[in-house]
2 protein chains.
Amino acid sequence: MVRPGGRSARVQASVHAAVRELSAEVGRDALTVPMIAQRAGVTPSTVYRRWGDLQELLSDVAVEHLRPETEPADHGTLPADLSAWTEQFLEEMSSPAGRSYIRDALLGDPDGSNAGQCSAYAAEQIDLILNRAHERGEETPDTETVIDRIVAPLLYRILFRPHELDAPYAHRLVRTLLERSAP
Amino acid sequence: MVRPGGRSARVQASVHAAVRELSAEVGRDALTVPMIAQRAGVTPSTVYRRWGDLQELLSDVAVEHLRPETEPADHGTLPADLSAWTEQFLEEMSSPAGRSYIRDALLGDPDGSNAGQCSAYAAEQIDLILNRAHERGEETPDTETVIDRIVAPLLYRILFRPHELDAPYAHRLVRTLLERSAP
DNA sequence: CATCTTAAAGCCAATTCGTCGCGTCTGGCG
DNA sequence: CGCCAGACGCGACGAATTGGCTTTAAGATG
C-alpha cells in the first residue's frame, strides 16, 4: 500500500497535482498517462503500477474534488438549510465539471469504494443538517429518506437525463419531502 | 453518419455481434479493438473511425443489452404491477452483468445520449403500467414521480452503495410511494 | 439503366502506449 | 546503525492507435 510519508507521498501528491494542472490546460479528454507522468516528474510505469490505468487515477482525483470543503451553512430552520444545501449540491454536481468528476469517480472504481466515499460525503452533510434541526426541536426525516428523496433523484437526472434538471425541480423535491414527512 | 442500410449496417451488426460473442468467451475486461475487428471481419481502423474508442463501442452495445425485451406483465392492479416490475428491474440492474452494462453505457457516452436512452426505456415501461392502471380507473402517480421515487433511489444505490440494497428495500419504496400518493 | 458523388471501409506505415523484468533507492523497523 | 520490504527508475518489447491514401459500394440523378 501507500506508505504514509516520504517519497511515496510525494509521488502521489505530484501526480495528483499534474492531473489537475493538465486537465485545466489541455482538457480532461486529452489526458494520457505518459503526459501526466512527465509533468509529475515520474516515469509512466510508476503510474501504471500504483493506479493500474488512467481511469483509476482519474477516479482518485475526482473523489478529492467531490469532497465538500465547508460544512453546510446554518440558516436557522430545516427547510432553509436543506434548500440551501440542495441548491449548492445541484450547482456543483450538475456543472460540466461536476458531471465529469462524478463519472470519473464511478467509472474507474472496480470495487466501488470511491463511489461509496462520495455517497458518504453527502450523507455526512445531511446528517449534520438533520442533527442541527433535531436539536432545535424540529421534526426531521431520517438521513436515508433524504438521500432517497433528494440526492438520488438529482444524481439520477445528472447522470441519465442532463437536460431535465433545474433549480425549481430541486426545490420541488425539498418541498414535497418536507410537507409530507413533518406535517 | 451511419447509412441506414447496406454495408454500413452490416459492419455495425457484425461488430456488435463480435463484441457480444467475445465478451462471453474471453470476458469483458480482456476485449481489445483489434480482437473485435478481427472477429467481425473488419479492420481495426474502421472500428476506431466509427466509434472512436473501445468505451464508446461498449457503451453502444450495453444500451442494447439494457433494452427491455418484453413489456411489463399485467397483474390486475397497480401495486402488483409496480411491485413486480420493480423487482425485476432490481434483479436485472443489480446483478454484476447489469451493473457493468450500466457502467459501460455511462462511461463511453460523452453527450449523454446513451444514458438518456436507458432512462427512456424505464420511462416507457412505467408509462405502460400507469396507463393500464389509469384505464382500470385506479388513481396513479405520474411517471416522473415514479422515476424519482423508485428508479432513482434504486440506481443511486446500485451505483454508489452496492451493499445496502435488497428486495425488501425496493418493496418499501413502492409501498411508501403508493400509500401516500393514492390514499 | 448508366453514371456520378461521396460516405465509409480497406490497407499499410509511423507513432504512441502499456507491460515487464531487473537493478537501485528509501523509509521504517529491529 | 544496518537490514529489508516495498516503491521507483530505466529500458526494451509487443500491442494498440493514428493518419494518409486508395478502393468500394449506397444512394442520388438524369
Side-chain angles (χ1 to χ4, degrees), chain A residues 1-23 25-62 64 104 107-111 113, chain B residues 1-23 25-62 64 103-104 107-111 113-114:
Chain A
M1 281 300 91
V2 179
R3 296 189 181 184
R7 185 167 64 162
S8 287
R10 277 198 305 277
V11 167
Q12 154 135 348
S14 83
V15 169
H16 278 212
V19 170
R20 282 191 293 272
E21 292 170 22
L22 286 170
S23 69
E25 289 173 25
V26 305
R28 186 202 154 288
D29 293 340
L31 293 180
T32 67
V33 171
M35 177 188 288
I36 293 165
Q38 184 181 359
R39 172 67 64 102
V42 165
T43 60
S45 47
T46 295
V47 175
Y48 289 117
R49 268 196 284 262
R50 281 269 297 258
W51 284 277
D53 62 13
L54 180 60
Q55 286 178 4
E56 289 185 44
L57 171 57
L58 291 180
S59 180
D60 271 9
V61 176
E64 292 191 349
D104 286 344
L107 297 167
D109 190 18
D111 60 349
S113 58
Chain B
M1 289 293 97
V2 178
R3 295 189 180 184
R7 185 167 64 161
S8 287
R10 278 198 306 277
V11 167
Q12 152 136 348
S14 82
V15 169
H16 278 212
V19 170
R20 281 191 294 272
E21 292 170 22
L22 286 170
S23 70
E25 289 172 25
V26 306
R28 186 201 155 289
D29 293 339
L31 294 179
T32 67
V33 170
M35 176 188 291
I36 292 165
Q38 184 181 0
R39 172 67 64 101
V42 291
T43 59
S45 45
T46 295
V47 176
Y48 288 117
R49 268 196 288 263
R50 281 269 299 258
W51 283 278
D53 61 15
L54 181 60
Q55 288 177 358
E56 288 185 45
L57 171 56
L58 292 180
S59 179
D60 273 9
V61 176
E64 293 190 351
R103 289 167 49 127
D104 284 344
L107 174 55
D109 190 20
D111 59 351
S113 59
N114 283 347

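Letters A, B, ... mirror the listed sequences (proteins, then strands); counts begin at 1.
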Do [X] and [Y] have side chains that get closer than 4.5 Å, going by heavy atoms?
{"X": "A:Met35", "Y": "A:Val26", "result": "yes"}
{"X": "B:Trp51", "Y": "B:Val33", "result": "no"}
{"X": "A:Val11", "Y": "A:Arg50", "result": "yes"}

Looking only at heavy atoms, which two atoms of [X] and [Y] are closest? And how far apart?
{"X": "B:Ala62", "Y": "B:Asp104", "value": "CB-CB, 3.8 Å"}
{"X": "A:Pro110", "Y": "A:Glu56", "value": "CG-OE2, 4.0 Å"}
{"X": "B:Asp109", "Y": "B:Ser59", "value": "CB-OG, 4.0 Å"}

How close or far is atom [atom2] of [N] from atom [atom1] of [X], stated in whole angstroms?
{"X": "A:Gln38", "N": "C:dT16", "atom1": "CD", "atom2": "P", "value": "12 Å"}
{"X": "B:Arg10", "N": "D:dT24", "atom1": "CZ", "atom2": "C1'", "value": "11 Å"}
{"X": "B:Leu54", "N": "D:dT18", "atom1": "CG", "atom2": "P", "value": "12 Å"}
{"X": "B:Trp51", "N": "D:dT18", "atom1": "CH2", "atom2": "P", "value": "15 Å"}
{"X": "A:Ile36", "N": "C:dC17", "atom1": "CD1", "atom2": "C1'", "value": "13 Å"}

Can you tabulate the close N/O pairs, meaning under 3.5 Å, that link protein atoms to atoms of nucleotides 9-16 of chain D?
{"residue": "D:dG9", "atom": "OP2", "partner": "A:Thr43", "partner atom": "N", "Å": "3.2"}
{"residue": "D:dG9", "atom": "OP2", "partner": "A:Thr43", "partner atom": "OG1", "Å": "3.3"}
{"residue": "D:dG9", "atom": "OP2", "partner": "A:Thr46", "partner atom": "OG1", "Å": "2.6"}
{"residue": "D:dG9", "atom": "N7", "partner": "A:Arg49", "partner atom": "NH2", "Å": "3.2"}
{"residue": "D:dG9", "atom": "O6", "partner": "A:Arg49", "partner atom": "NH2", "Å": "3.0"}
{"residue": "D:dC10", "atom": "N4", "partner": "A:Ser45", "partner atom": "OG", "Å": "3.1"}
{"residue": "D:dA16", "atom": "OP1", "partner": "B:Thr32", "partner atom": "OG1", "Å": "3.3"}

